[in-house]
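Residue numbering restarts at 1 for every chain, and letters A, B, ... go by the order of the sequence lines. Computed from a predicted model, the values in this text were never measured in an experiment.
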Amino acid sequence: MIPSAREISTRLLEWFRVHQRSLPWRRDYDPYHIWVVEIMLQQTQVRTVIPYYQRFMERFPTVQALAEASLDEVLQLWAGLGYYRRARYLHQSAQQIIAKHGGRIPHSLRELMALPGIGRYTAGAIRSIGFNLDAPVVDGNVIRVLARLFGIEGDVKQSRIQKRFWALAEDLIPSGRAREFNQALMEFGATVCTPPHPQCDSCPLRDSCRAYASGDPTQYPQMPRRPETIMLRDVTAVIMHRGSYLLVQRTEEDRWGGLWEFPRGTCEKDESDGEALVRILRQKLGLEVRVESHLHTLRHTVTHHRITLHAYRCQWVSGEPQTHTYSAVIWCPLESLADYAAPAPQVRLVKHLLGS
DNA sequence: AATACGGGGAG
DNA sequence: CTCCCAGTATT
């Protein structure tokens, strides 16, 4: 039988009343708090976000504090969380909110979506969770729960299917209770109706779930095929000269934009690590170096690229570092390396250097 | 409609 | 290790 909207929302609200997690941003539902945490939660799980959120709010308790901070400091607090454009957008948005909205988070869909980094999902989350307006949200959890419950077939990325999810998410909202309901729907997806191994045994919606009736709920939703993984070999140069290490700041448009790291680049086909290092340091910094010894190997992933990063200790030979391919270049003492916002693999490398 | 953007968790 | 997951902006 087709479950009624009322039945679903009632059961989800009851489930949420009993099972909701206690989270820092659920204490007051301040729109500023909700905005920041929803940006952090884009593509990122709750458990990962919590410590970042707490540090962030300690340092930037208000929109004003965030707007007045330097981008460097915002990135420093964001370092390790990934998708660094989010931090830049958050910072820019804070300044726009001060300039155009008198320091208050706007509540209309139009004004929210005009802010950088806020799309339809985040606007809906701020409107519903922050302001308790009857606005729908559709994230990965919502898509999964609704696709299973209603047995929705077809690639979920298709705009036709997307429209169905948004319409359903809106229809299900019990009037005046979007704050609770949207959180219930998403948290239910994150903890019960999980991608693999859904907890159907304890599911309050099982009796009306099409996917459960089909015998294999994990067949829903139908995800698009992922692009093939590309393997890359990167090298990075740890250059110490007169007691300091050469650090470069990546440009804003670049990936890891605004973050600091040891100079690095990708090996070309049939190029040795040493050849690549010499080439990259010449091209990017105008430096001549001698490659001394292999220090460490790290593996990480960027979108569909799987990168093996080899770090080498290098000796400066000649040339003054040029900035043209970077935002900045500095010589940094070992004990200050940790003060610069850096991507996660770089942080691991620095830790390795400090430990050895 | 397709693609780029980082990192973490589970098995 | 390998596989899986996921909003926004840009093209």
Notebook entry, point to check: Is the cationic atom of R120(A) (NZ for Lys, CZ for Arg) positioned less than 6.0 Å from the six-membered ring centroid of W166(A) and within 45 degrees of its normal?
Noted result: yes
Next item on the list: Provide, to the nearest angstrom, the distance between the CZ atom belonging to F165(A) and the C1' atom belonging to dG7(C).
Entry: 15 Å
Next item on the list: In whole angstrom, give the distance that lies between atom CD1 of I118(A) and atom P of dG7(C).
Entry: 15 Å
Notebook entry, point to check: How would you label the contact of R225(A) with the nucleic acid (heavy atoms, under 4.0 Å): base, sugar-phosphate, or nothing?
Noted result: nothing
Note to self: Can you confirm whether more than 12 heavy atoms, excluding those of R279(A), are under 6.0 Å from its CZ atom?
What the structure shows: yes
Next item on the list: Would you please classify the geometry between the W256(A) ring and the H300(A) ring as parallel, tilted or perpendicular, with 30° and 60° separating the classes?
Entry: tilted
Check: Rounding to the closest angstrom, what is the interatomic distance between dC4(C) and dG6(B) at atom P?
Finding: 23 Å
Margin query: Using a heavy-atom cut-off of 4.0 Å across all strands, would you classify I307(A) as base, sugar-phosphate, or nothing?
Written below: nothing
Next item on the list: Provide, to the nearest angstrom, the distance between the CZ atom belonging to R120(A) and the P atom belonging to dA9(C).
Entry: 14 Å
Next item on the list: Mark up nucleotides 5-11 of chain B, 5' to 3', with B wherever a protein heavy atom is under 4.0 angstrom from a base atom, S wherever such an atom reaches only the sugar-phosphate, and - elsewhere.
Entry: BBBSS-S
Next item on the list: With heavy atoms under 4.0 Å as the rule, sort R144(A) into base, sugar-phosphate or nothing.
Entry: sugar-phosphate
Checklist line | Euclidean distance, atom CG of residue L90(A) to atom P of dG7(C) [Å, nearest integer] | finding: 17 Å
Checklist line | Length of the line joining R88(A):CZ and dA4(B):C1', which is rounded to integer Å | finding: 13 Å
Notebook entry, point to check: Is M113(A) isolated, or which residues cluster with it under the ILVMFWY side-chain rule of less than 4.5 Å, directly or via members?
Noted result: L109(A)
Note to self: Expressed as a whole number of angstroms, how long is the span from R299(A):CZ to dT2(C):P?
What the structure shows: 9 Å
Notebook entry, point to check: Between H310(A) and H294(A), how do the two ring planes meet: parallel, tilted or perpendicular, split at 30° and 60°?
Noted result: tilted
Margin query: When you measure from the centre of the six-membered ring of Y29(A), is the NZ or CZ of R179(A) closer than 6.0 Å and no more than 45° off the axis?
Written below: yes
Margin query: When you measure from the side-chain N and O atoms of H304(A) to the phosphate of dT3(B), is any distance below 4.0 Å, counting only OP1 and OP2?
Written below: no
Note to self: Using the C1' atom as the point on both nucleotides, what is the distance between dT8(C) and dG9(B), in whole Å?
What the structure shows: 23 Å
Next item on the list: For E252(A) and dA4(B), give me the distance from atom CD to atom C1', rounded to whole Å.
Entry: 17 Å
Margin query: I'd like the C1' distance from dA10(B) over to dG7(C), given in whole Å.
Written below: 22 Å
Margin query: Using the P atom as the point on both nucleotides, what is the distance between dA9(C) and dG8(B), in whole Å?
Written below: 23 Å
Next item on the list: Mark yes or no: R206(A) above the aromatic ring of Y212(A), with NZ or CZ under 6.0 Å from the six-membered ring centre and no more than 45 degrees from the axis.
Entry: yes
Checklist line | Distance, rounded to the nearest Å, where D139(A) contributes CG and dC5(C) contributes P | finding: 14 Å
